[in-house]
Structures are given as structure tokens and as C-alpha cells.
There are 2 protein chains.
Amino acid sequence: MAATVMARGRAESSEEVAELVERLHGVMRASLHRLQPALAAEKITMGQFWALHLVSSLESASVSSVARHLGVSAPTVCGNLDQLDASGLVRRHRSDRDRRSVVLSLTPSGRQVEARIWGQIAGLVAEAARGIPPSDLEATVRVFRELERGLEAPPAGRGAR
Amino acid sequence: MAATVMARGRAESSEEVAELVERLHGVMRASLHRLQPALAAEKITMGQFWALHLVSSLESASVSSVARHLGVSAPTVCGNLDQLDASGLVRRHRSDRDRRSVVLSLTPSGRQVEARIWGQIAGLVAEAARGIPPSDLEATVRVFRELERGLEAPPAGRGAR
DNA sequence: TATTGTTATACTCTATAACTATA
DNA sequence: TATAGTTATAGAGTATAACAATA
């Protein structure tokens, strides 16, 4: 019955998962290498770019909200913002509603830099994805949505062993 | 004719690519966070693990061959190997055929550590992939093989803009 | 001269701990 | 007391440059 199918499915997907992990690692390092010239041209690092991207994406970005969405610590984001601030790409100002909090916004220059780098990233991946069937790309997006969801929360209460 | 279809396909996949990039980033950071306890338990870092994994995978691993396969510099690998060597997980010895070259091999302990961590990674991903249709996983592996291939070599001669 | 490995150095990313200001 | 942001510090990962030994 179903158990046989399950067992076969798991044995197969184990090798598939192993290959996926290696490819994921390979794609990440290759992307970073390919993106380096564009980042260097904008005098920005990858960490700074992700902070910039989140300030751009979030409704009302604060240090802690950016940190939360990126899954990094507040001091890390704070450091990235120091550099973005110094480069004139992001502005900080204290909130009037809660004076502990800092409201982040992009400068026009920050907006341009974010758009250019995001365009480079998308172009790079789109170029590498040339020739891949759209249905495969759609499946991949579905898989990654699910993987991210499944990896986010440590399944605390549920003993996996 | 085909141009219309192409244009539509590109506009659509542009958003798809953007989401894929964000999910990729999210999955990477989530995996690293989830893997931290296992790495800490083995007193090993992610960089050391990938070096260990390549010494394990390559036919006859040398510093330069590991560096090439990981896409990192020789000094980086050399440093990782220093630590793996000090932890008794990897052994180095000069090649007799070419005395410049160093032949790398896993110790029994290194083999065990590699297997345990690789198992953790695979288990983590397999758990997160529970419920994903096998056909979607297969498509994803195809996509990542192609993406890695497409990202590897800078398309030097071909002006992409 | 070219290649393999190593050391020296520097910079980024990351985290934890401690501190300040505010709530 | 708790929270937002920051500063201080330290460890890991990365790279380039300079060097040693060998080819």
C-alpha cells in the first residue's frame, strides 16, 4: 500500500535533496562572484544591498524590522546602515511617535542604486535561466516558497528523533 | 510571431526571477541558522564543512582542486584545512609524484563528522520539503543545474548590453 | 618562468554583551 | 522593567600580495 510508495519516494528524494543542496551552494557562490563587479561599481557590499532593498520594500522600515526580515542581528543592520548613511543612500530620523525608534528612508540616490543592482541581479539570473521551461521555473518558485516556510521556524515542540 | 511570445514570457519571468532571488536568499539564511547547532556540536564551521565535503568527494583532493571546486581562493581553503587538520579530521601529505602538491585525505573521524553533518543538512531540507510534489522537486533540480551552468562562466566575448 | 601551497594583511559579515535613551 | 538603537569586541570568511619550494 501507500507505505511502499512512501519509502521509495523518500529514498529517491534523498539523493535529489543532496544534489539540490550542492546546486544551491553552487548557484549562491556563482551569483555572488558574477555580481561583484556591479557591487564594486556602486561601492556597496552584498550585506548593504540587502539592507537597502529592505528599506525600500518595507512599509515603514526601522532597524529592528529590517533585522527581523533579513534574519540578522540588529547590530549587523546598524553597521550596514552606518555605511549606507555615510554613502548618502539611506536617511535615518527619530520617530516622533516613539522616540526610541528610527525611521529609515531611501534617498533618491539610494533608490537609483537599489534599482540598478536589483536589475543586475535579475538580469543575471534571467540570462542564466534562458531556455528553462516556464513551468519548471514556476515549480521552482513554489518549491522555494515552501522550503523557506518549512525552514523558518525550528519545530521546537516536535521531537524529530 | 515568436517575438510576442518571447516578450510576454520575459515580462512574466522577470517577476518570477525576482521572487526566486528573494526566496533563495531566505532559504540560504534559514538553512544556515537551522544548521548552526549541529555545526557547533561538531565544533566545525560551514566553510570547514564544505572543504571537508570536497576532500571526501574528490578523487584525489589537493588544496587547489578543492579551491577550484568551491570557487574560493587557495588561501581560504588553506585556512580551513589548517583547522580541519588541527581537529584531526583531515590529513595532508606531500605528493611523491609532484612534491609541490599536497594530497588531502579524511581521517576516520573526519569521515564520521562529514556523514553526520551531511545527514543533518539532508534531513533538514527533506523535512522542509515534506509535502512538495516529487515532480516539482525534480523540476527544481533541473533548474538549479541549469542556473549553475549558466552562471559559472562570465559570457566574456558576448556583450550582454 | 610557472605552479602549489603557505603566510601576512585587510575588509566584510556575523553575533553577543554592554550601554543609552525612551517607554 | 522592557524595548530600540548603538557601540565594543571577537570570530569566521573572503580576497590580494608576497614568499617558499618545486617543476
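Letters A, B, ... are given to chains in the order of the sequence lines, protein chains preceding strands, and every chain is numbered from 1.
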> Within less than 4.0 Å of OP1 or OP2 of dG5(C), is there a side-chain N or O belonging to Arg94(B)?
Replying inline: no

> Within this structure, what is the CG-to-P distance between Leu39(B) and dG11(D), rounded to whole angstrom?
Replying inline: 18 Å

> Roughly, in whole Å, what's the span from CD1 in Ile44(A) to C1' in dC11(C)?
Replying inline: 16 Å

>> For a quick check, with a 4.0 angstrom heavy-atom cut-off, what is the B/S/- contact string for nucleotides 12-21 of chain C, read 5' to 3'?
In response: SSBBBB---B

> Under the side-chain hydrogen bond (donor to acceptor under 3.5 Å, both in side chains) test, which residues partner Glu19(B), sequence neighbours left out?
Replying inline: Arg145(A), Arg23(B)

> If you check the Val102(B) side chain, which of dG5(C), dT22(D), dT22(C) turns out closest?
Replying inline: dG5(C)

>> From CZ of Arg91(A) over to C1' of dG5(D), roughly how many Å is that when rounded to an integer?
In response: 20 Å

>> Expressed as a whole number of angstroms, how long is the span from Leu81(A):CG to dT6(D):P?
In response: 7 Å

> Under the salt bridge (charged side-chain N to carboxylate O under 4.0 Å, His left out) test, which residues partner Glu42(A), sequence neighbours left out?
Replying inline: Arg116(A)

> For DNA chain D, whose closest nucleotide is more 5', that of Ser101(A) or that of Gly79(A)?
Replying inline: Ser101(A)

> At their closest point, which heavy atom of Val103(A) faces which heavy atom of Ser95(A), and how far apart are they?
Replying inline: CG2-CB, 3.9 Å

> Could you state the CZ-C1' distance from Arg97(B) to dT4(C), rounded to the nearest angstrom?
Replying inline: 13 Å

>> Which residues pass the ring pair (Phe, Tyr, Trp, His ring centres under 6.0 Å) test with His25(A), not counting sequence neighbours?
In response: Trp50(B)

> So which pairs with a foot in residues 63-83 of chain A pass salt bridge (Lys or Arg N to Asp or Glu O under 4.0 Å), sequence neighbours left out?
Replying inline: Asp82(A)-Arg92(A)

>> Under 4.0 Å, counting only non-hydrogen atoms across every strand here, what does Arg68(A) touch: a base, just sugar-phosphate, or nothing?
In response: nothing

> Salt bridge or not for Glu146(B) and Arg149(B), using N-O below 4.0 Å?
Replying inline: yes

> Could you walk me through whether Ser109(A) and Thr107(A) pass the side chain to side chain donor-acceptor pair (under 3.5 Å) check?
Replying inline: CA-CA 5 Å; Ser109(A) 170; Thr107(A) 63; 4.6 Å; no

>> Heavy atoms within less than 4.0 Å of DNA chain D: which residues of residues 22-31 of chain A have one? Give them sorted by number.
In response: none

> Tell me: CG of Asp96(A) to C1' of dA4(D), nearest whole Å?
Replying inline: 15 Å

> Starting at CG of Asp82(B) and ending at C1' of dG5(C), how long is that distance when rounded to a whole Å?
Replying inline: 11 Å

> Within the structure, does a side-chain N or O atom of Ser64(B) lie under 4.0 Å from either OP1 or OP2 of dT3(C)?
Replying inline: no

> What pair of heavy atoms forms the shortest contact from Leu147(B) to Val125(A), and how long is it?
Replying inline: CD2-O, 4.0 Å

> Gln36(B) CD to dG13(D) C1': how many Å, rounded?
Replying inline: 13 Å

>> For Leu104(B) versus Val63(B), what's the shortest heavy-atom pair and its separation?
In response: CD1-N, 3.8 Å

